[in-house]
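Basis for what follows: all heavy atoms, side chains included, without hydrogens, waters or symmetry-related copies. The first residue in the sequence is number 1, and the count goes up from there.
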Amino acid sequence: MHTRPSSNSANGPSAWRATYARSSAIVRSLEFRERTFRLEGDVRSILGHRSFGYVPLLGTRIKKKAQLVHAHFGSVKRADEAVDNTMPFQRLSRIVVDAPRSTFAETFRNAKLACDQMLAGSESRVIAIASALPDEGKSIIAANFAALLAASGKRTLLIDADIRKPGLTQMITPAPRTGLVETLTGEATWPAGIKVDQRTKLAILPAGGASHQRHQSNELLASPGMANLIENARNAFDYVVVDLAALAPVVDAKAFAPLADGILFVVEWGRTPSRLVRDLLNSEPLINSKVLGVILNKTDMNELGKYSDFDGAEKYRHRYGKYYIENSFTDNQNTAA
């Protein structure tokens, strides 16, 4: 007598469906990985640039209910983005100083070493910080890179040149009355707008006062006044770090690019579309030629190893712990960065 195979047998329909589901999940995971940047090897293979390393996500992304999708580009925060952006500039810009032996700080030291080596022979260096999209954490990268340079004894000026979305300026309290825009329009001299962090001695030139939105930012950045400002800054500082607007939505970064010696490019780990970045850089050869390296920002270090091959370096990062000293700040602080 013949018996019907059980649906729970190893070769039955249920087992086949489970195997298919697992295979499909793996394929989808691999496809998603190929669309974004997960590993330093992705940066090298897709963009042809070196990676300076991973900057850990500060805390965990806060899950929220789905929000309506607005057509206006970049007008609404992502639903699962970390949302605490109220920390004062002084604290956000000192993470690399407050946690000098953390994985966070190590990536910035790697970037500084590369800049020193790749731009050797320059008495002063103008380093632009750029990204493809808004909200990738570019401004916090700029602030901490500049703070590291200043804390190491380098005379460093940080300029907020993201005039349309001045994240650095908005974190400065009290709100500045003058800055980059007033300097370029002749309303003020550039030293008058500079703020100084008394701890690190980092000099900061904010985007400007309340009137900065009235001006065409790309025209200001491409003006002779901007070129003169950068030339004067070169004479007064060892490093000039310039926080630029995102490359995809506006032309401001392209307008400033001729004045930069090098560019640190920031991508958000697991979020920034790799094809978008590749196509943007390929379409802007001047910017692409000045990219010194790429920083993978907001990296979930607990998830990183899952995307690595068996013999990939990311699989062994747990062995690096003895070289680093993390603190509660880098472990637990949430910020949109």
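Applying the salt bridge (Lys or Arg N to Asp or Glu O under 4.0 Å) test to every pair with at least one member in residues 140-159, sequence neighbours left out, gives these pairs: R155-D238. The stretch residues 241-250 participates, sequence neighbours left out, in these salt bridge (Lys or Arg N to Asp or Glu O under 4.0 Å) pairs: K138-D243. Screening residues 219-235 for salt bridge (Lys or Arg N to Asp or Glu O under 4.0 Å), with sequence neighbours left out, gives R234-D261. Under the salt bridge (Lys or Arg N to Asp or Glu O under 4.0 Å) criterion, the residue pairs touching residues 199-208 are D98-R199, with sequence neighbours excluded.
Among residues two or more places apart in sequence or in another chain, the salt bridge (charged side-chain N to carboxylate O under 4.0 Å, His left out) test is passed with K290 by none. With sequence neighbours excluded, the residues forming a side-chain contact (heavy atoms from CB on, under 4.5 Å) with A222 are A255, listed by chain and number. Considering only residues two or more places apart in sequence or on other chains, F52 meets the ring-ring contact (aromatic ring centres under 6.0 Å, His included) condition with none of them. Listed by chain and number, the residues in a side-chain hydrogen bond (donor to acceptor under 3.5 Å, both in side chains) with N218 amount to none (sequence neighbours excluded). Listed by chain and number, the residues in a salt bridge (charged side-chain N to carboxylate O under 4.0 Å, His left out) with D116 are K112, R125 (sequence neighbours excluded). Taking the side-chain contact (heavy atoms from CB on, under 4.5 Å) definition, one finds that A192 meets it with T189, sequence neighbours left out. T185 is linked by a side-chain hydrogen bond (donor to acceptor under 3.5 Å, both in side chains) to E187, counting only residues two or more places apart in sequence or in another chain. Partners of T178 according to the side-chain hydrogen bond (donor to acceptor under 3.5 Å, both in side chains) rule, which considers only residues two or more places apart in sequence or in another chain, do not exist here.
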Derivation of the side chain to side chain contact (heavy atoms under 4.5 Å, CB included) call for V97 and N144 | CA-CA 8 Å; V97 178; N144 278 275; over 6 Å; no
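To the nearest 0.5 Å, atom OG1 of residue T272 and atom CG of residue D42 are 12.0 Å apart. A distance of 8.0 Å separates CD1 of I159 from CH2 of W190, quoted to the nearest 0.5 Å. Atom CG of residue L292 and atom CZ of residue F265 lie 12.5 Å apart, to the nearest 0.5 angstrom. Note that the CD1 atom of I129 and the CD1 atom of I263 stand 9.5 Å from one another [nearest 0.5 Å]. How far CG of L47 is from CG of N288: 8.0 Å, rounded to the nearest 0.5 Å. Atom CG of N232 is separated from atom CG of L157 by 11.0 Å, given to the nearest 0.5 angstrom.
W269 places a side-chain N or O within 3.5 Å of a backbone atom of R38 that can act as its donor or acceptor partner. Formation of a donor-acceptor pair under 3.5 Å by the Y54 side chain with backbone atoms of E40 is found in this model. In terms of modelled atom types and a separation under 3.5 Å, the side chain of T36 and the main chain of P273 share no donor-acceptor contact.
Side-chain atoms of L264 and I127, non-hydrogen and from C-beta on, do get closer than 4.5 Å to each other. Side-chain contact check for D160 versus L180: every heavy-atom pair is 4.5 Å or farther apart.
Ionic pairing of E136 and R271 is not present here: no N-O contact between side-chain nitrogen and carboxylate oxygen is shorter than 4.0 angstrom. Salt bridge status for D135 with K165: present, with a side-chain N to carboxylate O gap under 4.0 Å.
With hydrogens and angles left out, the side-chain atoms of N110 and T107 include no donor and acceptor closer than 3.5 Å.
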